[in-house]
> 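My questions all concern the structure below.
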Amino acid sequence: MLRRKFVQSAFAASAAIASGATLNAATPNSPASSKRQFKMKYAPHFGMFKNSAGDDPIDQLKFMADQGFTALEDNGMKDRTPELQSKIADTMGKLGMEMGVFVAHKIYWTEPSLTSGKQDKRDEFLKHIKESVEVAKRVNAKWATVVPGYVDLRQDMGYQTANVVESLKQACDILEPHGIVMVLEPLNFRDHPGLFLSKAAQGYEICKAVDSPSCKILFDIYHQQITEGNLIPNIERAWDEIAYFQIGDNPGRKEPTTGEINYKNVFKYIHDKGFKGVMGMEHGNAKPGKDGEMALIKAYEESDNF
């Protein structure tokens, strides 16, 4: 599933398992279960368990918590009403769940924005960053996703990089006082041809140039498997600038165990490095209906069993 489809659908939407444990026969309103405890903070998104929990986002949150998930990711949180944002945050607080990323700004998929250096594009971006600070405070979010957008074919890559870095520095002036981190996401060339940011090393270089605790990397394992592979060595090299991970197997962008990535080894490596942040489940379900949702949970149990 393409990132833009994730964003659009989000906008439209209003510890290993104990030995011998089975999937919980949960209901949306049942209390959180202690039977399943994942080692890491895997974060589902709204809609992932709609067949089991129904359409109401609050019921979905309760179902997620009941299945042992301790975080939420919602690309479209910024476009939800303040009332719903507050209700989601309140529910998550009661359930002991942590908020993952939401998309901080308008992403330009087919025309230059931050790469261009144009003042109107920079002003728009900074306006969206200011708005996202208020959203982050409302939902207790620490991270917000930033995608610098499309390449500017009329400018050398060095000039484009300088333009992006300057915009990000100005965004950090807004974010730093609030302790909020924008995470830059490299995206793969197959699903998103023509985007400026695609490689882990490029994200690392930009973060070093910005030189702020509010500018880090979102390492999407699905995207980086397509773009460059060599996952664990690249995670190692970029480690001190990575603040967030996203998950998806390749091919297909579905849950772990459905493609070529050895997620058990990748998760073990990240866990052993001491990562305490959120692991966003930014992928679809390999199978439809309730059975597919239970199979997804089982896949995470298997991949988390290291």
Side-chain angles (χ1 to χ4, degrees), residues 6 10 13 15-17 24 26 28 30-49 53 56-78 80 82 84-104 132-146 175 178-185 213-214 216-221 242-248 255-256 263 266-267 270-283 296-297 300-301 303-304:
F6 264 91
I17 180 174
N24 298 328
S30 61
S33 170
S34 60
K35 292 183 179 179
R36 183 183 295 108
Q37 293 184 341
F38 293 114
K39 294 185 179 75
M40 305 181 78
K41 298 175 185 176
Y42 305 116
H45 55 81
F46 290 125
M48 184 165 271
F49 300 116
D56 183 79
I58 303 305
D59 286 343
Q60 291 184 36
L61 280 172
K62 293 175 181 178
F63 182 86
M64 293 172 193
D66 195 59
Q67 299 305 315
F69 295 105
T70 55
L72 170 77
E73 183 172 278
D74 183 25
N75 281 334
M77 181 66 81
K78 189 171 183 289
R80 300 188 186 278
L84 182 55
Q85 291 170 359
S86 296
K87 188 174 183 180
I88 289 170
D90 181 65
T91 302
M92 291 178 66
K94 292 175 180 176
L95 294 171
M97 298 179 73
E98 187 170 354
M99 183 65 205
V101 293
F102 63 93
V103 176
S132 291
V133 168
E134 298 308 310
V135 176
K137 290 193 292 186
R138 194 175 295 122
V139 301
N140 301 314
K142 301 175 184 176
W143 308 278
T145 303
V146 166
L175 296 167
H178 305 281
I180 299 168
V181 181
M182 60 180 170
V183 284
L184 312 181
E185 182 177 11
S214 285
K216 296 294 179 181
I217 297 171
L218 190 172
F219 195 103
D220 188 311
I221 298 166
I242 296 174
Y244 197 96
F245 287 93
Q246 285 181 329
I247 302 160
E255 65 265 23
Y263 263 107
V266 174
F267 286 164
I270 295 170
H271 178 269
D272 288 352
K273 288 283 287 183
F275 185 73
K276 303 297 183 184
V278 170
M279 307 281 290
M281 296 160 59
E282 198 190 33
H283 57 75
L296 183 151
I297 296 169
Y300 273 89
E301 289 182 336
S303 299
D304 188 74

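Only this structure's heavy atoms are used, side chains among them; waters, hydrogens and symmetry mates stay out. Predicted, not measured: the structure shown is a model, and the values here were computed from it.
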> Kindly indicate whether the side chain of E185, heavy atoms from C-beta on, has any atom under 4.5 Å from the side chain of E282.
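A side-chain contact exists here, since the closest heavy-atom pair is under 4.5 Å.
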> Between D66 and K62, does any side-chain N to carboxylate O distance fall below 4.0 Å?
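Answer for the salt bridge query: no.
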> Working to the nearest 0.5 Å, report the span between CD1 of I221 and CD of Q246.
9.5 Å
> Counting C-beta onward and ignoring hydrogens, is there a side-chain heavy-atom pair between H45 and N75 closer than 4.5 Å?
no
> Under 4.5 Å between any side-chain heavy atoms of Q60 and M48, yes or no?
no
> Which atom names give the shortest non-hydrogen contact between E301 and F38, and what distance separates them?
N-CE2, 3.8 Å
> For the NZ atom of K41 and the CE atom of M97, what is their distance to the nearest 0.5 Å?
12.0 Å
> With a cut-off of 6.0 Å (strictly less than), are more than 12 heavy atoms of other residues, nucleotides or ligands near NZ of K94?
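No, NZ of K94 has 12 or fewer neighbouring heavy atoms, counting only those of other groups under 6.0 Å.
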> Is the shortest heavy-atom distance from the side chain of F245 to the side chain of M40 under 4.5 Å?
no
> How many angstroms lie between CD in E98 and CZ in F69, if you round to the nearest 0.5 Å?
15.5 Å
> With side chain to side chain contact (heavy atoms under 4.5 Å, CB included) as the test, would you mind laying out the steps for I217 and L184 before giving the verdict?
CA-CA 5 Å; I217 297 171; L184 312 181; 5.5 Å; no
> For S132 versus A104, what's the shortest heavy-atom pair and its separation?
OG-O, 2.7 Å
> For the atom pair CG (N140) and CD (Q85), what is the distance rounded to the nearest 0.5 Å?
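Reported value, rounded in 0.5 Å steps: 11.5 Å.
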> Please step through side chain to side chain contact (heavy atoms under 4.5 Å, CB included) for the pair I247 and H283, ending with a clear verdict.
CA-CA 7 Å; I247 302 160; H283 57 75; 4.2 Å; yes
> Would you please indicate yes or no on a ring centroid separation below 6.0 angstrom for F267 and Y42?
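Ring centroids of Y42 and F267 are less than 6.0 Å from each other.
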> Kindly give the heavy-atom pair with the smallest separation between A141 and M99, and that separation in Å.
CB-CG, 3.8 Å
> Ignoring hydrogens, what is the shortest heavy-atom contact between A136 and I180? Give both atom names and the distance.
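Heavy atoms only, the tightest pair is CB-CD1, 3.6 Å.
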> Shortest non-hydrogen contact from F102 to M77?
CB-CB, 3.7 Å
> I'd like to know whether D304 forms a side chain to side chain contact (heavy atoms under 4.5 Å, CB included) with Y263, so could you lay out the CA-CA distance, the side-chain angles of the two residues, the decisive distance to 0.1 Å, and finally the verdict.
CA-CA 8 Å; D304 188 74; Y263 263 107; over 6 Å; no
> Are side-chain heavy atoms of L296 and F49 found at a separation under 4.5 Å?
yes
> Can you find a heavy atom in the side chain of Y244 that is under 4.5 Å from one in the side chain of E73?
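Side chain of Y244 against side chain of E73, heavy atoms only: contact under 4.5 Å found.
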> Residues two or more places apart in sequence or in another chain: which of them pass side chain to side chain contact (heavy atoms under 4.5 Å, CB included) with D56?
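Residues passing side chain to side chain contact (heavy atoms under 4.5 Å, CB included) with D56: I58, D59.
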> Please check if the side chain of K142 supplies one atom and the backbone of G179 the other of a donor-acceptor pair under 3.5 Å.
no
> With side chains defined as the heavy atoms from C-beta onward, is the minimum distance between L72 and I88 less than 4.5 Å?
yes
> Can a side-chain donor-acceptor contact be found between Y300 and Q67 if the only test is distance below 3.5 angstrom?
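Absent: no donor and acceptor within the cut-off.
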> Indicate the atoms forming the closest heavy-atom contact of V183 with A243, along with that distance.
CG1-CB, 3.9 Å
> Before you tell me yes or no, could you show the steps for D74 and R80 under side chain to side chain contact (heavy atoms under 4.5 Å, CB included), namely the whole-Å CA-CA distance, both residues' side-chain angles and the distance that decides it to 0.1 Å?
CA-CA 10 Å; D74 183 25; R80 300 188 186 278; 2.7 Å; yes
> Could you tell me whether the side chain of M281 reaches within less than 4.5 Å of the side chain of E255, counting heavy atoms only?
no
